[in-house]
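Notes for the one structure printed next.
Below, all heavy atoms of this structure are taken into account, side chains as well, without hydrogens, waters or symmetry copies. Both counts, for ligands and for their atoms, begin at 1 and track the order of listing. Start at 1 with the first residue, then count along the sequence.
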Amino acid sequence: MRMNLDQAEITALTKRFETPFYLYDGDFIETHYRQLRSRTNPAIQFYLSLKANNNIHLAKLFRQWGLGVEVASAGELALARHAGFSAENIIFSGPGKKRSELEIAVKSGIYCIIAESVEELFYIEELAEKENKTARVAIRINPDKSFGSTAIKMGGVPRQFGTDESMLDAVIDVIRSLQFTKFIGIHVYTGTQNLNTDSIIESMKYTVDLGRSLYERYGIVCEFINLGGGFGVPYFSHEKALDIGRITQTISDYVQEARDSLFPQTTFIIESGRYLLAQAAVYVTEVLYRKSSKGETFVIVDGGMHHHAASTFRGRSMRSNYPMECIPVRENSGRRELEKVTITGPLCTPEDCVGKDVHVPALYPGDLVCVLNSGAYGLSFSPVHFLGHPTPIEILKRNGSYELIRRKGTADDIVATQLQTESNLLFVDK
Ligand SMILES: Cc1ncc(COP(=O)(O)O)c(C=O)c1O
């Protein structure tokens, strides 16, 4: 399931807004989320992962619908606050939190810092003592077990994330020695873009069982169990959608059993970015040029890797083209025969390739190329400074009206962080 793309609507929007732009379907986002919510045990709370998309206006929608937010940097924490999330609805994960970031988290009293190492626990303790506060902390655990296939594995294998399950004894010893740090629970996240229904179920059940074993081994009852998520969406023709109904049913039942037996007060969490947003947006670009080179046809559009790195194969081991739809806009262009072309962006690198050897109706300057499934890991995952093109507009469609939710970037954005006068330059003596 993905948002409906209306060619006439997109064409009309290009008359009002400069390409490239992202168009989000707010009604789709709401229906999609509410379906997930209604299928899931109310004891399980959903948290939006800001890394998938850091647009404040989208985050606000999720806040209004009752979700919490998962952040992975002080920058995302600030964004979450701008979106109106209160501290008690924020959790903070990430393997490389700086002390300055932890300080902000401790000072602002967020619901939970997810510590990914023993060293981080010591930093948190020190900072909490300095502030004379109690910091609530959960431990991210890298399970001893690996859970089937997922596109990008982040647990069950050697990784920089969390602490190994086999080291739990030592971690619990440390936790018991802390005075300003309150241990509230555990977090397991085994990978993103997971399209393997069984492996998600298995990993979530395993996490609940880990919670149980904390009680059996150490007498600790978790107040917080973060089941992770990593729900994937199909991008390519060989991919099959998750059986989300089976996941929500099985995990809802499993959590209910756990609540009935051992965890009546426990907060269970599923965090998600991709599943909530990926299928809800389209990235719209305009054809600038068409040319041939040594027997191949190239179509050059005005957007690409700097705005939507994932669509140009970044972060993926398999080079498959994102689904796309082309809109012939140029008038009187007659019938468009299908042809094989490579669609590239404007950057000075062959890596800026939006579609390799795609079969599309012949494209000419002024036509539109729309990349589907673009709502997650689009702009937030892209090298926006490369070559200094402005960041794109974002538009949110809701209840039949359109809202500009990100203005076009300017050249000032790129120079803003650079010292511009001689007197501002900082010289450091040897
Ligand atoms: C710890 C953690 N939580 C949540 C997410 C969001 O995952 P997704 O967008 O697949 O839902 C990620 C993604 O990398 C993550 O590392």
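Across Tyr275, Tyr189, Phe231, heavy-atom proximity to atom 16 (O) of ligand 1 is greatest for Tyr189. Which of Pro95, Ala52, Gly273 comes nearest to atom 11 (O) of ligand 1 through a heavy atom is settled by distance: it is Gly273.
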Given Glu125 and Thr181, is the side chain to side chain donor-acceptor pair (under 3.5 Å) satisfied, shown in steps?
CA-CA 6 Å; Glu125 172 75 1; Thr181 303; 2.7 Å; yes
Dump the intermediate steps for side chain to side chain donor-acceptor pair (under 3.5 Å) on Tyr235 and Arg2, then the final yes or no.
CA-CA 10 Å; Tyr235 289 88; Arg2 73 162 76 104; over 6 Å; no
Evaluate side chain to side chain donor-acceptor pair (under 3.5 Å) for Tyr189 paired with Glu70, printing each intermediate quantity in order.
CA-CA 12 Å; Tyr189 182 86; Glu70 181 255 330; over 6 Å; no
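Residue Lys145 qualifies as enclosed at atom NZ: its count of foreign heavy atoms under 6.0 Å is above 12.
Short contacts between ligand 1 and Glu271, defined as distances under 4.0 Å to a heavy atom of the residue, involve ligand atoms 1 (C), 2 (C), 3 (N), 4 (C). Near Ser49, the atoms of ligand 1 lying under 4.0 angstrom from a non-hydrogen atom of the residue are 4 (C), 5 (C), 6 (C). Atom numbering of ligand 1 starts at 1 in the shown order; those under 4.0 Å from a heavy atom of Glu70 are 3 (N), 4 (C).
For Phe386 and His306, the ring centers sit 6.0 Å or farther from each other.
Polar contact check, Arg140 against ligand 1: no nitrogen or oxygen pair lies under 3.5 Å apart.
Using a 4.0 Å cut-off between heavy atoms, Tyr377 contacts ligand 1 through its side chain alone, with no backbone atom that close.
Aromatic ring pairs are classed by plane angle as parallel below 30°, tilted from 30° to 60° and perpendicular above 60°; the pair Phe263 and Phe268 is perpendicular.
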